[in-house]
Participant: 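Please see the structure below; I have some questions.
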Amino acid sequence: MATSSARMSSAQDALLQGCAQIVGASQVLCGDDDLALPFRQDWTGQYTAIPLAVVRPKTTQEVSDIVRLCRAHSVSIVPSGGRTGLCGGGVPISDHSSIILSLERMNAVRTLDVDGRSMTVEAGMILQTAQDHARDNGLVFPLTFGAQGSAMIGGALSTNAGGSNVVKYGTTRELCIGIEAVLPDGSVINALTGLRKDNTGYDLKDLLIGAEGTLGIITAAVFKLHPMPLTRTTGFLSLASLADAPRVLNALQDRTGGGVEAFEYMPLAAVDVICREFPAIRQPLETPADTGIFFEVASCRKDDAESGADGDPRLQSMVFAALEELMEEEIILDAMIAQSEQQRLDLWTMRESILEAITANGPAYHMDISLPLAAIAEFVSTMDAAVAPMGFRPLTVGHLGDGNLHYALSAAEEQDWESLPLAQAKALAFAQLSRLNGSFSAEHGIGQSKLDVMQKLKEASQLAAMRAIKQALDPDGLMNPGKFIPAQGDTDMTK
Ligand SMILES: Cc1cc2nc3c(=O)[nH]c(=O)nc-3n(C[C@H](O)[C@H](O)[C@H](O)COP(=O)(O)OP(=O)(O)OC[C@H]3O[C@@H](n4cnc5c(N)ncnc54)[C@H](O)[C@@H]3O)c2cc1C
């Protein structure tokens with residue numbers, strides 16, 4: 001434990017000595033070198049702050065002891081996973097003394113029940129490691145998104161992460177069937193039975209999922225596992241109009257018995273940015289699609305994996321039949337189907353490169369919104385038409401099958417980002433969302449970045465109930481303060 005003592009008061013020093021006694025001195029990082037990136041800022045680089053220390057417990061008991069100790073010293077705790085969150089949730093706020101409690105050493109698989117199709121893992125396990133572990137046992141842990149190589153189970157639960165397979169498997173909340181957590185008073189909830197049915201009171205699991213560390217620290221969870229698909233058909237479509245996307249989705253679902261695993265909106269502007277920032281990635285269609293859709297359909301049925309009369313796996317023939325009908329109706333203009341695993345992976349790489357491509361492209365304001373499927377086309381056309389004359393270039397992608405759009409505003413060519421009317425564009429977008437019954441936060445969470453919108457648009461009675469829950473469980477406000485629940489009057493929409 002290397003301290004930078006000039007910065008430290010004796011009370012803080014005593015706290016850190018106490019932490020060292022609990023987790024071992026080497027697991028309390030507080031020297032200037034130790035507190036270098038990534039602990040000083042979030043993934044977006046927008047939020048920065050230096051914690052008193054980063055503390056890395058190995059067991060649930062150690063987490064509980066640290067929580068009790070911090071409470072005794074009135075020091076806040078910011079839980080931390082893979083630090084890929086996009087809303088500033090994992091960065092302390094400047095007017096509180098805080099430690100970052102990193103779950104990275106709690107990364108074990110506790111059990112995997114092949115017959116019961118479930119797995120109990122610790123919160124610090126990297127998402128991809130959890131996927132690999134399920135796969136090694138012939139099963140699927142389906143949670144999939146671009147940051148899966150770094151994001152951790154506890155972070156995914158705390159943000160109720162979504163990603164590209166929600167259309168089939170649901171969000172993290174729907175995959176989770178049990179939780180272990182340390183509450184703000186240091187007590188431990190052990191609800192890891194993994195029962196599929198358990199109506200014995202308030203569902204504390206569901207309260208902690210999506211709470212962004214404001215109600216406690218998740219230390220482990222049980223997840224449902226799914227059977228491994230035996231065959232997949234993956235491709236890219238050019239649609240005549242975004243308004244037809246629900247028709248295409250439903251046709252694929254109907255033909256394949258609900259087999260759609262991914263249905264992602266990838267319009268030309270977004271694919272262009274990806275291809276420019278990552279030159280190894282190519283446009284998937286010869287004539288680039290204005291309204292592009294990346295899709296994957298899968299089946300676990302042996303029959304669907306076997307070849308039919310045309311020599312193709314039956315699942316692929318079902319997809320072809322659906323696409324042919326839609327092409328005859330001129331709803332689909334062009335289509336490509338991956339003919340090899342490499343082509344399939346290339347399409348996935350293209351999809352998962354988008355956030356890094358937009359980030360490399362320059363400054364942008366990212367909205368993570370959801371809408372009823374039928375309202376998506378109207379939102380996009382209204383917004384695109386309104387923001388272009390303001391000097392913005394919208395860069396949109398979306399988990400369209402879930403009605404989730406990542407609508408990013410970047411500067412149009414030769415426009416200076418700083419001089420663009422962002423507050424006006426945001427106000428317009430949020431007015432459209434309210435009119436169309438959408439949500440201003442679909443899957444990334446609230447953190448610090450959406451407190452203004454939360455205060456303005458969340459129903460007052462719901463905000464009051466959230467504040468009452470927070471007050472009941474964390475009366476001293478020490479769990480991840482300044483995030484998720486806006487302080488009264490936090491309405492500055494220019495941020
Ligand atoms: C390239 C890229 C692509 C992405 N794509 C998607 C996507 O498609 N879908 C999606 O939903 N998200 C996506 N994200 C956002 C991000 O990856 C998710 O929010 C992820 O779930 C965060 O996990 P993490 O371990 O990195 O959490 P962190 O960033 O470390 O933390 C996130 C929040 O959870 C809290 N927290 C962390 N661990 C715990 C714990 N154990 N107990 C209590 N609270 C905790 C933190 O305090 C913080 O508030 C993407 C991010 C990137 C960088």
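When a residue number appears, it is its place in the shown sequence, counting from 1. Order of listing sets the numbers, starting from 1, for every ligand and every atom in it.
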Participant: In ligand 1, which numbered atoms sit nearer than 4.0 Å to a non-hydrogen atom of R83?
Facilitator: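 Close to R83: 24 (P), 26 (O), 28 (P), 29 (O), 30 (O).
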Participant: Around atom CZ of R110, are there more than 12 heavy atoms of other residues, nucleotides or ligands at under 6.0 Å?
Facilitator: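 Yes - once you tally the heavy atoms of other residues, nucleotides and ligands closer than 6.0 Å, there are more than 12.
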Participant: Charged N to carboxylate O under 4.0 angstrom, K483 versus E212?
Facilitator: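 Looking at E212 together with K483, the answer is no, because their closest N to O distance does not fall below 4.0 Å.
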Participant: Return the closest protein heavy atom for atom 24 (P) of ligand 1 as residue, atom name and distance.
Facilitator: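 That would be G82 N, 3.4 Å.
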Participant: To the nearest 0.5 Å, what is the distance between CD on Q432 and CG on L371?
Facilitator: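 If I round to the nearest 0.5 Å, the distance is 9.5 Å.
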Participant: For atom 53 (C) of ligand 1, what's the nearest protein heavy atom and its distance?
Facilitator: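 Going atom by atom, the protein heavy atom closest to atom 53 (C) of ligand 1 ends up being W43 CE2, 3.3 Å.
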Participant: Report yes or no: does H444 have a heavy atom closer than 4.0 Å to ligand 1?
Facilitator: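 The answer is yes: ligand 1 sits under 4.0 Å from a heavy atom of H444.
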Participant: Does ligand 1 have any atom sitting under 4.0 Å from a heavy atom of S150?
Facilitator: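 No.
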Participant: Give me each pair satisfying ring-ring contact (aromatic ring centres under 6.0 Å, His included) with a member in residues 79-112, each pair once, sequence neighbours excluded.
Facilitator: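 Pairs touching residues 79-112 that pass the test: none.
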Participant: Starting from atom 29 (O) of ligand 1, locate the nearest protein heavy atom and write down its residue, its atom name and how far away it is, to 0.1 Å.
Facilitator: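 For this ligand atom, the closest protein heavy atom is G85 N, 2.8 Å.
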Participant: Do D185 and R71 sit within salt-bridge range, that is, some charged N less than 4.0 Å from a carboxylate O?
Facilitator: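 Result for this pair is no, no salt bridge flagged.
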Participant: Please report whether ligand 1 has a polar contact with I218, defined as an N or O pair separated by less than 3.5 Å (distance criterion only).
Facilitator: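 The answer is yes, given that I218 and ligand 1 share an N or O pair closer than 3.5 Å.
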Participant: Using a 4.0 Å cutoff against the non-hydrogen atoms of I217, which atoms of ligand 1 qualify?
Facilitator: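 Answer for ligand 1: 42 (N), 43 (C).
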Participant: Just say parallel, tilted or perpendicular for the rings of H444 and H406, cut-offs at 30° and 60°.
Facilitator: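 The arrangement is parallel - the two ring planes meet at less than 30°.
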Participant: Rounded to the nearest 0.5 Å, what's the gap from CD on Q21 to CG on L69? Could you check?
Facilitator: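 Reported to 0.5 Å precision, the distance equals 9.0 Å.
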Participant: Which of the atoms in ligand 1, numbered in the order shown and given with their element, are less than 4.0 Å from a heavy-atom of G216?
Facilitator: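 In order of numbering, the contacting atoms are 43 (C).
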Participant: Hey, looking at atom 18 (C) of ligand 1, which of T144, T159, I358 has the closest heavy atom?
Facilitator: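 Shortest heavy-atom distance from atom 18 (C) of ligand 1: T159.
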Participant: Provide the number and element of each atom of ligand 1 under 4.0 Å from a heavy atom of G213.
Facilitator: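 Answer for ligand 1: 43 (C), 44 (N).
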Participant: Going from CG on L192 to NZ on K205, what distance comes out if it is rounded to the nearest 0.5 angstrom?
Facilitator: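 Here the interatomic distance stands at 11.5 Å.
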Participant: In the protein, which heavy atom is nearest to atom 30 (O) of ligand 1, and how far is it?
Facilitator: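 The protein heavy atom lying closest is G81 N, 2.7 Å.
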Participant: Could you see which bit of P79 sits under 4.0 Å from ligand 1, with heavy atoms only: side chain, backbone, both or neither?
Facilitator: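 Within the 4.0 Å criterion, P79 contacts ligand 1 through backbone and side-chain atoms alike.
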Participant: Around atom 27 (O) of ligand 1, find the nearest protein heavy atom and jot down its residue, atom name and distance.
Facilitator: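 Residue, atom and distance for the closest contact: G155 CA, 3.4 Å.
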Participant: Do the side chain of D474 and the main chain of M479 share a donor and acceptor less than 3.5 angstrom apart?
Facilitator: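 Yes.
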Participant: Backbone, side chain, both or neither: what part of H399 comes under 4.0 angstrom of ligand 1, heavy atoms only?
Facilitator: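 The answer is the side chain.
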Participant: Students should be able to answer this: which protein heavy-atom is nearest to atom 45 (C) of ligand 1, and at what distance?
Facilitator: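 The closest heavy atom on the protein side is S158 OG, 3.1 Å.
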Participant: Just to check, does G90 reach to within less than 4.0 Å of ligand 1 when the distance is taken from its heavy atoms?
Facilitator: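 Per 4.0 Å heavy-atom rule, G90 contacts ligand 1.
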Participant: Among G89, A161, G162, A156, whose heavy atom sits nearest atom 48 (C) of ligand 1?
Facilitator: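 Considering heavy atoms of G89, A161, G162, A156, the nearest to atom 48 (C) of ligand 1 sits in G89.
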Participant: Relative to ligand 1, is L86 under 4.0 angstrom through side chain, backbone, both or neither, heavy atoms considered?
Facilitator: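 Under 4.0 Å from ligand 1, L86 contributes side-chain atoms alone.
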Participant: Among protein heavy atoms, which lies nearest atom 51 (C) of ligand 1, and at what distance?
Facilitator: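 Protein heavy atom with the smallest distance to atom 51 (C) of ligand 1: T84 O, 3.4 Å.
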Participant: Any idea which protein heavy atom is nearest atom 2 (C) of ligand 1, and the distance to it?
Facilitator: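 Answer, as residue, atom name and distance: L355 CD2, 3.5 Å.
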Participant: Classify the side-chain pair T48/Q41 by whether it contains a donor and acceptor separated by less than 3.5 Å.
Facilitator: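 On atom types as modelled, these side chains do not qualify, holding no pair under 3.5 Å.
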Participant: Rounded to the nearest 0.5 Å, what separation is found between the CG atom of N404 and the CG atom of L373?
Facilitator: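 So the gap between those two atoms works out to 11.0 Å.
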Participant: Taking the six-membered ring for Trp, are the ring centroids of F379 and Y407 within less than 6.0 Å of each other?
Facilitator: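 Between F379 and Y407, the centre distance is under 6.0 Å.
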Participant: Is it the case that the side chains of T214 and N480 hold a donor-acceptor pair, with the cut-off being a distance below 3.5 Å and no angle test?
Facilitator: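 Side chains of N480 and T214: no pair found under 3.5 Å.
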Participant: Does only the side chain of L103 get under 4.0 Å from ligand 1, or the backbone, or both, or neither? Count heavy atoms.
Facilitator: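 For L103, only side-chain atoms sit under 4.0 Å from ligand 1.
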Participant: Please work out whether any backbone atom (N, CA, C, O) or any side-chain heavy atom from C-beta onward of N480 is under 4.0 Å from ligand 1, and answer side chain, backbone, both or neither.
Facilitator: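 Looking at N480 and ligand 1, just side chain atoms fall under 4.0 Å.
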Participant: For residues 153-193, pull every pair meeting ring-ring contact (aromatic ring centres under 6.0 Å, His included), keeping only residues two or more places apart or in separate chains.
Facilitator: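 Non-adjacent pairs meeting ring-ring contact (aromatic ring centres under 6.0 Å, His included): Y169-H226.
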